[in-house]
Colleague: 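This is the structure I have questions about; it appears just below.
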Amino acid sequence: MTTRVIIVDDQAMVRAGFAALLAAQSDIDVVGDAPDGVQGVELSRRTHPDVVLMDVRMPEMDGLEAARQLLDPPAGVVHRPKVLMLTTFDVDDYVYEALRAGASGFLLKDAPPADLISAVRVVAAGEALLAPSVTRRLIADFARQRPAPRKDRTALRLNGLTPRETEVLELIARGLSNQEIADSLVLAEQTVKTHIGRVLAKLELRDRAQAVIFAYESGLVSPGAN
């Protein structure tokens with residue numbers, strides 16, 4: 001099955017380079033590119049890509065607002081692509097906000113070509129692109145700067161999880177991979193995947209990225225905790 005991709009970035013050379021790299025893959029089809037968020041949203045609505053590579057900082061409309069429009073579309077618009085944020089910096093407040101809006105992760109623009117290709121495939125498959133080191137630095141650093149955990153429905157939703165599911169959510173938020181969670185809890189990796197699926201369903205979360213943020217904002221995990 002071919003993954004349809006569009007590239008939204010204000011640098012023409014970045015768009016051309018990414019497009020050439022991805023188009024050379026037999027399972028990826030680059031169906032268009034755009035130089036800003038406004039045109040990116042329009043292009044996505046017209047071409048219905050599976051994945052949108054979205055730059056963070058652009059003229060006209062930045063990547064954050066464009067991601068919000070794509071992931072929370074107006075009535076009548078049913079297409080919701082996966083959004084992978086592109087950034088020059090490995091710690092970027094805009095990326096945090098994009099993850100809260102439902103983006104599936106982020107990728108550094110200077111990442112090796114193989115990482116870009118892998119990222120598109122991972123996101124297209126419905127997984128969140130959050131490496132453990134990224135989880136620890138990005139989410140914890142920004143959570144540390146934000147208000148105290150909300151003791152409202154966000155925290156109360158944790159009550160719907162079983163003790164095991166709560167453990168799994170906490171380990172996700174601490175940056176552990178599925179295999180590391182399995183090793184920590186002495187479970188099969190497939191069992192961990194099942195637990196993660198149930199956590200996402202019960203908490204009505206889109207993916208692993210939103211699960212990490214939920215864990216911090218609900219107070220389950222404290223910023224900077226090991």
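Residue numbers run from 1 in the order of the sequence given.
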Colleague: Kindly indicate whether the side chain of P73, heavy atoms from C-beta on, has any atom under 4.5 Å from the side chain of R80.
Modeller: yes
Colleague: With a 4.5 Å heavy-atom cut-off, do L86 and F18 have their side chains touching?
Modeller: yes
Colleague: L169 versus L158: any side-chain heavy-atom pair under 4.5 Å?
Modeller: yes
Colleague: Mind checking the CG-NZ spacing from L107 to K109? Nearest 0.5 Å is all I need.
Modeller: 11.0 Å
Colleague: Testing the basics here: between G40 and I6, what is the closest heavy-atom pair and its distance to 0.1 Å?
Modeller: O-CD1, 3.9 Å
Colleague: Of T194, L185, T191, which is the lone residue that meets side chain to side chain contact (heavy atoms under 4.5 Å, CB included) with V168?
Modeller: L185
Colleague: Hey, what do you get for NE2 (H195) to CD (Q190), rounding to the nearest 0.5 Å?
Modeller: 11.0 Å
Colleague: Write down the atom of L171, the atom of S184, and the distance for their closest heavy-atom approach.
Modeller: CD1-OG, 3.9 Å
Colleague: Could you check whether any side-chain heavy atom of I117 comes within less than 4.5 Å of a side-chain heavy atom of L22, counting everything from C-beta outward?
Modeller: yes
Colleague: Calculate, to the nearest 0.5 Å, the distance between atoms NZ and CD belonging to K193 and Q179 respectively.
Modeller: 9.5 Å
Colleague: I'd like to know if the side chain of Q25 reaches the main chain of L21, judged simply by a donor and an acceptor atom lying under 3.5 Å from each other, with no hydrogens or angles considered.
Modeller: yes
Colleague: Where do A215 and A173 come nearest, in terms of heavy atoms and distance?
Modeller: CB-CB, 3.5 Å
Colleague: Return yes if some donor-acceptor pair links the side-chain N/O of Q39 with the main-chain N/O of D36 below 3.5 Å, else return no.
Modeller: no
Colleague: Check whether any side-chain heavy atom of V41 lies under 4.5 Å from a side-chain heavy atom of E65, and answer yes or no.
Modeller: no
Colleague: For L161 and L203, run side chain to side chain contact (heavy atoms under 4.5 Å, CB included): C-alpha distance rounded to whole Å, both residues' side-chain angles, the deciding distance at 0.1 Å, then the answer.
Modeller: CA-CA 8 Å; L161 302 182; L203 298 179; 4.2 Å; yes
Colleague: Do any N or O atoms from the side chain of H79 and from the backbone of R46 form a donor-acceptor pair under 3.5 angstrom?
Modeller: no
Colleague: Is any side-chain heavy atom of I172 less than 4.5 Å from a side-chain heavy atom of I181?
Modeller: yes
Colleague: Kindly give the heavy-atom pair with the smallest separation between M54 and A66, and that separation in Å.
Modeller: CE-CB, 3.5 Å
Colleague: Measure the CG-CE distance between D55 and M85 for me, rounded to the nearest 0.5 Å.
Modeller: 7.5 Å
Colleague: How close do L43 and G32 get, heavy atom to heavy atom, and via which atoms?
Modeller: CD2-C, 3.7 Å
Colleague: Within a strict 4.5 Å, meaning less than it, do heavy atoms of the R57 and D62 side chains meet?
Modeller: no
Colleague: Distance check, rounded to the nearest 0.5 Å: L53 atom CG versus K82 atom NZ?
Modeller: 14.5 Å
Colleague: If every non-hydrogen atom of D33 is compared with every non-hydrogen atom of R15, which pair is closest and at what distance?
Modeller: OD1-NE, 3.0 Å
Colleague: Using side-chain heavy atoms (C-beta onward) and a distance below 4.5 Å, is E167 in contact with E170?
Modeller: no
Colleague: Atom CG in D29, atom OG1 in T2: separation rounded to 0.5 Å?
Modeller: 6.5 Å
Colleague: Any salt bridge linking R45 with E42? Criterion: basic side-chain nitrogen under 4.0 Å from a carboxylate oxygen.
Modeller: no
Colleague: Using modelled atom types and a 3.5 Å cut-off, is there a donor and acceptor pairing between side-chain atoms of S218 and backbone atoms of F214?
Modeller: yes
